[in-house]
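First up is the structure itself, then whatever we jot down about it.
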Amino acid sequence: MNELLNQVRLVGDWLASAQQWHGDGGIPQRLLEHLTYSGLSLLFAALIGLASGLLVGHTGRGAFAVAGVATLARAIPTFGLVVLVVTLAGLSTTPVLVALVALAVPPILLNTFEGVRGVDPATRDAARGVGMTEWQVLVRVEVPMALPLILLGLRIAAIQVVATATVAAYPGLGGLGRFIVDGLSRNDYELVIGGSTLVVVLALLVQIGFTALRRAIVSPGLRVAASTS
């Protein structure tokens, strides 16, 4: 208990220090870098995962390939991928983005696919029966009903990306991981704990944000069905 209190005090002292909030190495700048890497990675991953998941989920073609690719992508070690791409492409944001996108695509892809494929076939047939085109069936019927799982995939991917974006510090780039890497190299555990705390808080805020978004745009009936399934 005393150790925990000491850690809390260290974090409080670190956050209260004025020098942590100014300059290129301050918390605001590192947070902005972290959000930039995370946001760009999630955007690219969403474009890939949503488009592929919707297409394959609606048509049913390529389901086995999607599952195989997603499983393979999840097996790739993120840090190892960063090192590999840095070696091949040089020191830049590219290896970080590639690694984070590879991490974020699988949950988005799989949950989108499962959400669309899970729509009752009778509902699809009824929509086609009233004259809807395939595009209208997808947009007006399947996507709204699959929305809980789609948002779940985006939430999982966002939290994973925010937590893993600390790897951006290893090839010499910024982000909140810079505090952790610098702290370990200097044996400055106050810096390590402070940086780790910021990452955890940011991940919790992402979780809260997606929970609020889900309550705002998913109908109550679908929320209840998703929670009991």
Side-chain angles (χ1 to χ4, degrees), residues 35-76 78 97-165 202-229:
L35 291 175
T36 299
Y37 299 140
S38 300
L40 287 175
S41 302
L42 189 61
L43 174 62
F44 292 139
L47 290 174
I48 297 169
L50 289 176
S52 303
L54 292 174
L55 176 64
V56 177
H58 177 73
T59 63
R61 300 186 196 122
F64 180 78
V66 166
V69 170
T71 301
L72 177 63
R74 284 187 294 184
I76 298 175
T78 306
L97 292 179
V98 169
L100 294 178
V101 169
L103 177 73
V105 165
I108 298 174
L109 174 58
L110 289 177
N111 280 279
T112 301
F113 167 73
E114 292 293 342
V116 173
R117 290 306 296 168
V119 174
D120 188 348
T123 304
R124 288 197 195 91
D125 292 340
R128 294 184 180 108
V130 298
M132 285 189 182
T133 65
E134 291 301 311
W135 173 253
Q136 289 173 326
V137 171
L138 174 63
V139 174
R140 297 184 183 180
V141 177
E142 292 175 334
V143 169
M145 296 187 72
L147 201 53
L149 277 178
I150 292 174
L151 288 177
L152 174 62
L154 288 170
R155 175 172 61 84
I156 293 171
I159 293 173
Q160 287 180 336
V161 165
V162 165
T164 312
L202 184 57
L204 289 175
L205 289 175
V206 170
Q207 166 80 21
I208 293 170
F210 271 96
T211 300
L213 180 62
R214 183 173 183 268
R215 293 183 64 86
I217 67 175
V218 177
S219 67
L222 286 175
R223 289 204 303 267
V224 172
S227 62
T228 56
S229 62

*Give a yes or no on whether the backbone of N111 and the side-chain of E114 come within a donor-acceptor separation of less than 3.5 Å.*
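Not a single qualifying donor-acceptor pair exists.
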
*asked:* Can a donor-acceptor pair be found, under 3.5 Å and without considering hydrogens, that links the side chain of R155 to the backbone of F210?
replied: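 It does not hold such a pair.
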
Just how far is it from atom [atom1] of [X] to atom [atom2] of [Y], taken to the nearest 0.5 Å?
{"X": "L109", "Y": "S52", "atom1": "CG", "atom2": "OG", "result": "6.0 Å"}
{"X": "L97", "Y": "S38", "atom1": "CG", "atom2": "OG", "result": "9.5 Å"}
{"X": "D125", "Y": "D120", "atom1": "CG", "atom2": "CG", "result": "8.5 Å"}
{"X": "L100", "Y": "T164", "atom1": "CG", "atom2": "OG1", "result": "6.5 Å"}
{"X": "L35", "Y": "L42", "atom1": "CG", "atom2": "CG", "result": "11.5 Å"}
{"X": "R124", "Y": "E142", "atom1": "CZ", "atom2": "CD", "result": "4.5 Å"}

*Is a salt bridge present between R128 and E134, judged by a nitrogen-to-oxygen distance below 4.0 Å?*
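Yes, charged N to carboxylate O under 4.0 Å.
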
*Any side-chain heavy atom of L54 sitting closer than 4.5 Å to one from V116?*
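L54 vs V116: side chains touch.
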
*Taking the side chain as every heavy atom from C-beta outward, state whether L213 and L151 have any atom pair closer than 4.5 Å.*
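A side-chain contact exists here, since the closest heavy-atom pair is under 4.5 Å.
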
Non-hydrogen atoms of [X] and [Y] that approach each other most closely:
{"X": "R117", "Y": "V56", "value": "CD-O, 4.2 Å"}
{"X": "A46", "Y": "L154", "value": "CB-CD2, 4.1 Å"}
{"X": "A104", "Y": "V161", "value": "CB-CG2, 3.6 Å"}
{"X": "V137", "Y": "A127", "value": "CG2-CB, 4.0 Å"}

*Take T123 and M145, measure what side chain to side chain contact (heavy atoms under 4.5 Å, CB included) needs, and give me the verdict at the end.*
CA-CA 10 Å; T123 304; M145 296 187 72; 4.0 Å; yes

*Give me the one residue out of V119, V139, V143, L138 that meets side chain to side chain contact (heavy atoms under 4.5 Å, CB included) with H58.*
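Among V119, V139, V143, L138, the one that satisfies the side chain to side chain contact (heavy atoms under 4.5 Å, CB included) with H58 is L138.
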
*Checking side chain to side chain contact (heavy atoms under 4.5 Å, CB included) for the pair T112/L149: CA distance, chi angles, key distance, verdict?*
CA-CA 6 Å; T112 301; L149 277 178; over 6 Å; no

*side chain to side chain contact (heavy atoms under 4.5 Å, CB included) between L50 and I108, worked out*: CA-CA 6 Å; L50 289 176; I108 298 174; 4.0 Å; yes

*Please walk me through it: do I156 and Q160 pass side chain to side chain contact (heavy atoms under 4.5 Å, CB included)?*
CA-CA 6 Å; I156 293 171; Q160 287 180 336; 3.9 Å; yes

